[in-house]
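Note on naming: letters A, B, ... go to the chains in the order of the sequence lines (proteins, then strands), and numbering restarts at 1 for each one.
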Number of protein chains: 2
Amino acid sequence: MSDITPRSLRWRDSAPVRDEEIGRDDPLFVRAAARTMQVLSAFHGAEHPMSLSEVARAAGLDRSTTQRIVHTLRQLGYIQRDPRDSGYVPGIRIYDNIFDAMRLNRLIQPAVPLLLDLRRNVNERVDLSLIDDLRLVYAARLPPKREVLHAMLVGLGVPIYCTSAGWAVLSRLPEDEARDVIRRSDRKQYTARTLIDEEAIMEKAAEASCQGYVIAEEQLLPGEIGIGAAVVNAEGRPVAAINVTALLSDWTAEEFGRAVGPALVQTVSALNRR
Amino acid sequence: MSDITPRSLRWRDSAPVRDEEIGRDDPLFVRAAARTMQVLSAFHGAEHPMSLSEVARAAGLDRSTTQRIVHTLRQLGYIQRDPRDSGYVPGIRIYDNIFDAMRLNRLIQPAVPLLLDLRRNVNERVDLSLIDDLRLVYAARLPPKREVLHAMLVGLGVPIYCTSAGWAVLSRLPEDEARDVIRRSDRKQYTARTLIDEEAIMEKAAEASCQGYVIAEEQLLPGEIGIGAAVVNAEGRPVAAINVTALLSDWTAEEFGRAVGPALVQTVSALNRR
DNA sequence: TATTACTGTATCGCCAGTCGATACACAAGG
DNA sequence: CCTTGTGTATCGACTGGCGATACAGTAATA
């Protein structure tokens, strides 16, 4: 079974609903809702449609409980049976939620035309991502004219510690928070050049801080070069990031920075503080 | 507040979780899960970030209950507060679910390269949509070179009764089911030319049935022309649809059909019965 | 043909957990 | 001042969900 993303591109470190989060000492915390979402998020990183027991295991719930919740979610359209291979998969109803999320997101709406402008200028892949603790989640993704497969990876999460956009985000955080993010990341060595040393990463953040953007070479995928900048809100806190990605075979880092950097900074500053 | 979709493009007939669905006579139906999803789907068609009371009203739940569920979903990242305007909006965690849904969908994976091929041939917007009862939900959407805004409307639902893709879907259903879908649709007159008569719609379906594709002119938006074909599974039931959309100013219906039809049929048949 | 290990599905009693009433602090607008 | 909206918190009554337990089917062992 092929996948819409190459194997190397599937990061599993998206944060699932953790078991410990349930049963917390919070009178307002309704466990049933958490259980429901645990079931829904049981599909994280799954390779195949999942059987009931697999869902239960992934959700950390009893098989009986899982059964009833799955049954309910199925009736509501949030879970379906896979038509061929037997097993459960997320249902179409989910798509409604993502559409609502994008529609109500104050950042995405004004960003789209600006991203299109940027793409027109630089003619490489342009991404807008939102920040989720340790990772960036693609919210919009414009492929370059030269089409690659990644047309629709909205929802994919990439780590902050080893991406250009992530470094740009770090540069806008107070130092202690930035270091905290880095430390809590499980720094995997995706390529030989992936930075995992805290100081090295902070140095990249510093670079982003003074230039407004920062370039990452081969951090997640060999042969890939990225340039990223962070979007901040009215309080100056980072809320999103934009990055442009290209192939190292087409650019040197210096050329890439000179060609794309200014346009990127301009796009980001148009979105800042809104 | 601008929106990522023009006002005329926001169909509200996406099916929310209905109140009647809760409290049904089903011992396996867990109400708490339904309540949770009612809260999550309360954002359907919302124009602004919603206050607690608005969420409660939209979800059809008590304010207290809503409060606790929102509280929980917020801790889990499925709901956030809008940073500027006060109010709740769907959280980033939602994006994980959509990504899982797409990744585990057996149809989307093999479809992407085929859609790219098709787009390369016809050079107009190409959509893949999944069927959700009365509507089609965009699952992949490839904009044409000539960029329009609609870069990322994954998750948008459009009605079946008045779209080319929808007619193609109808053509693959048994007649009684097709008529049932049409009757249950609340047939709105989007444009002057929108078909709302059952027989007229069935005729379009018949056209789709013999040609393999069908053309729709100005059904949802003035000036828009679309051509659609349905994808069927091994049992011959429709599971998805592909449509190509262009501007009436660029094509006559006949030209459009001759130019795009064969390529579309070929793409669809490559996806059929898998 | 048993045996085992999976599926998905169904039933039911007990008691944990949720509902919803009720209340409070605060802000905006008349 | 009152009124009407926020968001948040507390708590007792009672319901509704948990999870043990069971069963039919299927597929891959022996």
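- Of the residues near DNA chain D, B:E54 and B:S64, the one whose nearest nucleotide (by heavy atom distance) lies more toward the 5' end is B:E54.
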Q: Report the C-alpha distance between B:R184 and B:Y161 in whole Å, list the side-chain angles of each, state the deciding distance to 0.1 Å, and finish with yes or no for side-chain contact (heavy atoms from CB on, under 4.5 Å).
A: CA-CA 10 Å; B:R184 279 162 49 228; B:Y161 75 92; over 6 Å; no
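- Phosphate proximity of C:dG8 to A:R81: present, with a side-chain N or O under 4.0 Å from OP1 or OP2.
- Seen from the ring of B:F29, A:R68 does not count as a face-on cation partner, given the 6.0 Å and 45° thresholds.
- Rounding to the nearest 0.5 Å gives a distance of 5.5 Å between CD1 of B:I79 and CG of B:L40.
- If you find the closest nucleotide of DNA chain C to A:L52 and to A:A33, the one lying nearer the 5' end belongs to A:L52.
- The nearest heavy atom of DNA chain D to A:R68 and to B:H71 marks one nucleotide each, and the one closer to the 5' end goes with B:H71.
- To the nearest 0.5 Å, atom CG of residue B:L76 and atom CZ of residue B:R74 are 11.5 Å apart.
- A donor atom on one side chain and an acceptor atom on the other are found under 3.5 Å apart for B:H71 and B:Q75.
- To the nearest 0.5 angstrom, B:N97 atom CG is 6.0 Å from A:H44 atom NE2.
- The end-to-end axis angle of the helix from C:dT1-D:dA30 to C:dC24-D:dG7, rounded to 10 degrees and based on five pairs per end, is 40°.
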With the criterion being N/O to N/O and under 3.5 Å, what pairs connect the protein with nucleotides 23-27 of chain C, and how long is each?
none

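- The main-chain N or O of A:A34 is never found under 3.5 Å from a side-chain atom of B:T72 such that the two would form a donor-acceptor pair.
- Of all nucleotides in DNA chain D having an atom under 4.0 Å from a heavy atom of chain B, the first and last in 5' to 3' order are D:dT6 to D:dG17.
- In this structure, CZ on B:R35 lies 7.0 Å from CG on B:L61, to the nearest 0.5 angstrom.
- Residue B:T65 places at least one side-chain N or O closer than 4.0 Å to OP1 or OP2 of C:dG20.
- Atom CD1 of A:I160 sits about 7.0 Å away from atom OG of A:S185, to the nearest 0.5 Å.
- With C:dT18, C:dA21, C:dT9 as the candidates, the nucleotide lying closest to the side chain of A:Q67 is C:dT9.
- If you take CG of B:D62 and P of C:dG17, they are 21 Å apart, rounded to a whole angstrom.
- A:S209 places no side-chain N or O within 3.5 Å of a backbone atom of A:A205 that could act as its donor or acceptor partner.
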